[in-house]
Amino acid sequence: MLQLTVLREQTDLVVAGLNKKNYKNAAEEVAAILDLDQQRRALQSEHDDLQAKANSISKEIGIMMKSGERDKAESYKAETTELKQKAKALSEQLSTIEEDLQKALYKLPNLPHESVPAGRTSEDNEVVLEQGEIPELYEGALPHWELIQKYDIIDFELGNKITGAGFPVYKKQGARLQRALINFFLDEAMKAGYIEVQPPIMVNEASGYGTGQLPDKDGQMYHATADNLYLIPTAEVPITNMYRDTIVPVEQLPVKNTGHTPCFRREAGSWGADVRGLNRLHQFDKVEIVQISLPEKSYEALEEMSSYIQSLLQKLELPYRVLRLCGGDLGFTAALTYDMEVYSTAQGRWLEVSSASNFETYQANRLKLRFKNDSGKTQLLHTLNGSALALPRIVAAILENNQTPDGINMPKVLHPYLGFEKIG
RNA sequence: AGAGAGUUGGCGGAGUGGUCGAACGCGGCGGUCUUGAAAACCGUUGACUGUAACAGGUCCGGGGGUUCGAAUCCCUCACUCUCUGCCA
C-alpha cells in the first residue's frame, strides 16, 4: 500500500497518479485519509500523555511499596485507575480510526510511474516494440484447440470429467512439451542469475495481503476454507512473501529468485471465443522470476527482466510485441508493467504470455520488506516480478505457428529437452 | 489425530509481578595495540510510532483478561519440538 508520509507530503502527486489510473474520487478519498490520519495522531498523542503519567505513577508506587510506605501508595492507586480509564476510552476510539484508515489505504492502488501512458483500456496501451516474423500458414491450418485433438496431446474432455472446465489433461507429446518448457525456462533463469526455489502452492491469509491479492481480489483465488489457505494464482505470492518482515542485508541485493508452480485462477465471468482452448485456464503452469531491488536500481532491474523475457521468446522463435500498459489497464499494485504478447497465427490474435512489473514500495510496505540505507535508517525495498513464462499460450502459439500439413515442428532450442523434433 | 514440552533481540540463552527494551555469551560495528592481520582490551549494537530536535508511547509468538504495575499470573488461538498413531 501507499505510504502515509507520501500522502501527507506529496498529496498533489498522489491525486494526479490516482487520476491517471482512473481511480474515482481520488482527491476526496485522499483528503478523507489525511483527515483520519490527523485525528489519529491527535488522539495518539493525547493517549500517550495519559499513559506516560500512569506509567510514572505506577513506578513511584513500586518504589513506595519497597520502602514500606504502603498507605501513601494506596492513595495513588485511584489516580492511575482514572488515568487508565481515560486512556482506554481513547485507545478504543483510536482503534476504530486505525481500522478505517487501514481499510481506506488498502483500497488505494499503487501510483503509476511517470512513463505510463494515459488511457482507460487495453486499446490505449503503448506498443514499445514488435519483433519476429509472423509466419504464413498453409491452406487449412488449424487453431490450436483442433490441433491438440488431431494429435491427441491435450484433452479437455478428460479434464472436464475428473475436475471441470479449464483443467485440461496433457498427454503424450503434449505432456512432454510441458515438461520441456518448464526445464528450459528454469535452466535459462538460472543462467541469468536467478536462484531456483520450489515454494508451497497454498498460502495463508497474511501472504495474500502481503503481495496485494487480498483483500481486493478475494474472489479470484481458490480458497480452502477448512484451513483458511489459498491456492496461489502465481508464484509471485509465495516467492515474494518469503521476504515478508525482513531487513535484507544490502550485500545480498538484488535478490533474484525463480520458481515453477502450477497457478490457479477462478476468473469468474469470462466466456466466449477469447477463452477457447488454452487461452484461459483455471490451472496452468508458469515459471516466475522475482527480484527485490534497491529503490534506485529497480527500473534498471525491470528493463533487465524485460529483455530476459524477450530473449526466451526469441529462442522459441515466436513473433512477439512488448506493450507498456496504460494507466487504466495497469494492475492494482503495479507502478509500471510491460506485457509480452506472442502472435497466435491461426487465431489471428496476440496472446499475453508474460507481464513484468515494478511494484516499487507498494508491496514492500505491506510486507515490511526493508534494508538499511547509507545513513543507517531502515527503508523500504522495491519488488518486481515477471512471468518467464506462462505455458499454455506459449504452447498454443508454438502449435499454431509451426504447423505443417504433416506435423508440428518444435523450436530447435527445445529439441534436447523434448527428445523429438516434431509432433505427429 | 492423542499426550507432554516449548515460543524472549541477528544467533544462543537468563529472567524474581515493580527503575526490564530486557543479564550474559556469540556475531556485527568503531577504537587502542600492530608494518598488516590475529589475539587481547575499551566502547557500541533491535523494531515501530512520534518530534524541528528532544521527550513520550508501543513491541518478549498473535489476541484478550487480572493488577496501580505483566516477558513474568489467567484465558484463547497459532506455530515448533518429543513420544504414540497414520502415511508418500
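Naming: A, B, ... by sequence-line order, numbering from 1 per chain. Keep in mind that what you see is a predicted model, and the values were worked out from it rather than measured.
- One C1' atom belongs to B:rC29, the other to B:rU82, and the distance between them is 40 Å to the nearest Å.
- When heavy atoms are screened at a 4.0 angstrom cut-off, A:Ile63 is found touching base atoms of the nucleic acid.
- Heavy-atom distances to RNA chain B give each of A:Gly62 and A:Thr81 a nearest nucleotide, and the one nearer the 5′ end belongs to A:Gly62.
- Across all strands, A:Ser58 comes closer than 4.0 Å to base atoms (heavy-atom distances).
- Using a 4.5 Å heavy-atom cutoff, the side chains of A:Arg176 and A:Tyr170 are not in contact.
- Atom CG in A:Asp227 sits roughly 13 Å away from atom C1' in B:rA78 (whole-Å rounding).
- The distance from the CZ atom of A:Phe359 to the CG atom of A:Leu384 is 7.5 Å, given to the nearest 0.5 Å.
- Proximity of a side-chain donor or acceptor of A:His282 to a complementary backbone N or O of A:Arg266 within less than 3.5 Å is detected.
- In this structure, A:Lys53 places its NZ atom 18 Å from C1' of B:rG69, rounding to the nearest Å.
- Nearest-nucleotide positions on RNA chain B place A:Lys377 closer to the 5' end than the other of A:Gln44 and A:Lys377.
- At least one donor-acceptor pair under 3.5 Å links the side chain of A:Arg393 to the backbone N or O of A:Asn279.
- Atom-to-atom distance recorded for A:His144:NE2 and A:Leu278:CG is 4.0 Å, nearest 0.5 angstrom.
- Closest to the A:Lys77 side chain, of the nucleotides B:rA47, B:rG57, B:rC68, is B:rC68.
- Within 4.0 Å (heavy atoms only), A:Lys368 reaches no atom of the nucleic acid at all.
- Close to B:rU58, at under 4.0 Å from its OP1 or OP2, lies a side-chain N or O of A:Gln51.
- Remark: A:Arg370 is in phosphate contact with B:rC48, judged by side-chain N or O atoms under 4.0 Å from OP1 or OP2.
- Which of B:rU58, B:rG46, B:rG56 sits closest to the side chain of A:Ala52 comes down to B:rG56.
- Between B:rU16 and B:rC73, the two P atoms lie 8 Å apart (nearest whole Å).
- Side chains of A:Tyr338 and A:Glu303 form a contact here, defined as non-hydrogen atoms less than 4.5 Å apart.
- Rounded to whole angstrom, the span from the CG atom of A:Asp245 across to the P atom of B:rC48 amounts to 11 Å.
- With distances taken from any side-chain atom of A:Thr80 to the nucleotides B:rU51, B:rC68, B:rG65, the minimum falls on B:rC68.
- One can place CG of A:Leu50 at 15 Å from C1' of B:rU58, the figure rounded to the nearest angstrom.
- Minimum atom distance to the side chain of A:Ile247 is reached by B:rA47, of the listed B:rG50, B:rC68, B:rA47.
- For the pair A:Asn55 and B:rG56, the criterion of a side-chain N or O lying under 4.0 Å from OP1 or OP2 is not met.
- Separating the CG atom of A:Leu43 from the C1' atom of B:rU49 is a distance of 15 Å, rounded to the nearest angstrom.
- Nucleotide B:rU44 forms a pair with B:rG28, judged by Watson-Crick or G-U wobble geometry with both contacts under 3.5 Å.
- Taking atom C1' in both B:rG12 and B:rC87, one finds a spacing of 35 Å when rounded to whole Å.
- A side-chain donor from one of A:Ser357 and A:Thr337 sits under 3.5 Å from a side-chain acceptor of the other.
- Rounded to a whole angstrom, the distance from the P atom of B:rC75 to that of B:rG27 is 41 Å.
- When distances run from any side-chain atom of A:Arg8 to the nucleotides B:rC68, B:rA47, B:rG50, the shortest one goes to B:rG50.
- Here B:rG61 presents its P atom at 18 Å from CZ of A:Arg244, a figure rounded to the nearest Å.
- Here, B:rA22 and B:rU45 have their P atoms 10 Å apart, quoted to the whole Å.
- Here A:Arg40 reaches the OP1 or OP2 of B:rG50: one of its side-chain N or O atoms lies under 4.0 Å away.
- Taking atom CZ of A:Arg41 as the reference point, atom C1' of B:rG56 lies 16 Å away to the nearest angstrom.
- Among the atoms of the strands shown, only primed sugar atoms or phosphate atoms (P, OP1, OP2) are found under 4.0 Å from some heavy atom of A:Thr378.
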Could you please spell out the steps behind the side-chain contact (heavy atoms from CB on, under 4.5 Å) verdict for A:Asn125 and A:Asp339?
-> CA-CA 9 Å; A:Asn125 293 337; A:Asp339 270 7; 5.5 Å; no

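- Within the nucleic acid shown, A:Asp49 has no heavy atom closer than 4.0 Å to any nucleic acid atom.
- Atom C1' of nucleotide B:rU67 and atom NZ of A:Lys88 are separated by 13 Å, given to the nearest angstrom.
- Contact annotation for A:Ile61: base contact, defined as any heavy-atom pair under 4.0 Å involving a base atom.
- For A:Asp48 against B:rG57, a side-chain-to-base donor-acceptor contact under 3.5 Å is absent.
- B:rC26 sits 38 Å from B:rG65 when the C1' atoms are compared, rounded to a whole Å.
- Counting only heavy atoms from C-beta on, A:Lys59 has its side chain closest to B:rU19 among B:rU19, B:rA47, B:rG50.
- The gap from the P atom of B:rA78 to that of B:rC24 amounts to 37 Å, rounded to the nearest Å.
- The gap from the C1' atom of B:rA14 to that of B:rG25 amounts to 11 Å, rounded to the nearest Å.
- Across all strands shown, B:rG4 pairs with B:rC81; the Watson-Crick or G-U wobble distances both stay below 3.5 Å.
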